[in-house]
Amino acid sequence: EAQVTQNPRYLITVTGKKLTVTCSQNMNHEYMSWYRQDPGLGLRQIYYSMNVEVTDKGDVPEGYKVSRKEKRNFPLILESPSPNQTSLYFCASSLESRGRKIYGYTFGSGTRLTVV
Amino acid sequence: QQPVQSPQAVILREGEDAVINCSSSKALYSVHWYRQKHGEAPVFLMILLKGGEQKGHDKISASFNEKKQQSSLYLTASQLSYSGTYFCGTEILVDDKIIFGKGTRLHILP
């Protein structure tokens, strides 16, 4: 089944303790992205990657890191989480045609992160 | 740069029609539409590309006015299953990101 798999689904952690949220897709998509979703703010892009070893900042990258060593994986790293990073996180992937995402995103199931 | 969606929320009775609008201040290459049910991931509905085409499947369709940088999503004869939050995502001409609006909550009553 074609899908984007995120882990974990739920995570409660303490301020300052490094964590990684994994994202993997099995559709051979070039483009992958991380979004955070907060009430009233919609989906805001954190980082995106157009292909292996190519990553760039979205609109809210502060406090996050990503890497794209393989095409299928795009982990999100929080080096020193803070309470304002408590949110619902989604990983998404898309096929591209001439640099455009004309097939829409496939989203993962989401990771609900709480930082205390 | 974030597209503006209207209305923010709408309540309908089953069988009624709804229109959700999405407006951008930037020249657009495409507009995506997604639906998200509570506790679930957003699901892709359709994409409209530069060129002003109208698309649709079943009783959900959308249009894209390239001149006005606006898109509208039309839900005809709404069903209970249409309830959820609808997001538009815009891809502007000079960028390779998709920026989402804040969403429109749609609640269908029986």
Side-chain angles (χ1 to χ4, degrees), chain A residues 2-7 9-10 21 23 25 27 29-51 54-61 66 87-112, chain B residues 1-9 20 22-24 26-51 53 55 57 60 62 64 71 73 84-106:
Chain A
Q3 59 185 358
V4 176
T5 304
Q6 276 181 245
N7 279 298
R9 287 292 306 274
Y10 301 92
V21 183
C23 173
Q25 51 94 3
M27 296 166 283
H29 286 173
E30 297 89 1
Y31 190 95
M32 297 186 75
S33 183
W34 277 102
Y35 288 87
R36 62 177 288 174
Q37 185 174 32
D38 302 289
L41 297 179
L43 292 150
R44 293 181 295 165
Q45 193 173 42
I46 303 170
Y47 269 95
Y48 64 97
S49 170
M50 298 182 71
N51 216 323
V54 181
T55 63
D56 209 345
K57 295 178 181 178
D59 294 315
V60 289
V66 293
S87 187
L88 178 59
Y89 291 85
F90 286 103
C91 179
S93 73
S94 176
L95 261 180
E96 286 198 311
S97 175
R98 297 179 189 171
R100 293 296 183 177
K101 291 158 280 301
I102 64 171
Y103 303 102
Y105 274 141
T106 300
F107 281 88
S109 300
T111 295
R112 187 166 291 282
Chain B
Q1 191 167 326
Q2 186 177 33
V4 177
Q5 285 186 237
S6 62
Q8 286 185 308
I20 299 171
C22 176
S23 179
S24 174
K26 303 281 188 180
L28 299 176
Y29 178 81
S30 68
V31 179
H32 297 218
W33 285 99
Y34 293 80
R35 175 171 61 209
Q36 184 180 30
K37 292 189 177 285
H38 185 69
E40 298 180 10
V43 173
F44 175 68
L45 294 176
M46 66 186 75
I47 182 172
L48 297 106
L49 302 177
K50 182 171 169 294
E53 63 177 290
K55 295 191 77 173
H57 51 84
I60 300 176
F64 178 21
S71 178
L73 185 71
T85 301
Y86 289 79
F87 292 97
C88 70
T90 54
E91 189 172 7
I92 65 175
L93 284 176
V94 295
D95 206 344
D96 49 23
K97 299 186 286 190
I98 296 179
I99 309 294
F100 286 93
K102 293 183 179 180
T104 296
R105 287 197 315 278
L106 175 65

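Chain naming here is simple, since letters A, B, ... match the order of the sequence lines and numbering starts at 1 in each.
Heavy atoms of B:Gln36 lying under 4.5 Å from chain A belong exclusively to its side chain. Only the side chain of B:Gln2 comes within contact range of chain A, with at least one heavy atom under 4.5 Å from a heavy atom of that chain.
Put simply, NE2 on B:His32 and OG on A:Ser94 are 7.0 Å apart, with the number rounded to the nearest 0.5 Å. One distance of note links CG of A:Leu43 with CZ of B:Phe87; it measures 5.0 Å at 0.5 Å rounding. Between B:Lys97 atom NZ and A:Tyr31 atom OH the span is 8.0 Å, to the nearest 0.5 Å. To the nearest 0.5 Å, the span separating CD on A:Gln37 from CZ on B:Phe100 amounts to 10.0 Å.
More than 12 non-hydrogen atoms from other residues, nucleotides or ligands lie less than 6.0 angstrom from CZ of A:Arg44. For NZ of A:Lys57, the number of neighbouring non-hydrogen atoms (other residues, nucleotides, ligands) closer than 6.0 Å is 12 at most.
Between A:Tyr105 and B:Pro42, the closest side-chain pair of non-hydrogen atoms is not below 4.5 Å. Side-chain contact check for B:Glu40 versus A:Phe107: every heavy-atom pair is 4.5 Å or farther apart.
Across all non-hydrogen atoms, the minimal contact from A:Tyr35 to B:Ile98 is OH-O, 2.9 Å. Minimum interatomic distance between A:Ser109 and B:Ala41 (heavy atoms only, all atoms of both residues): CA-CB, 4.3 Å.
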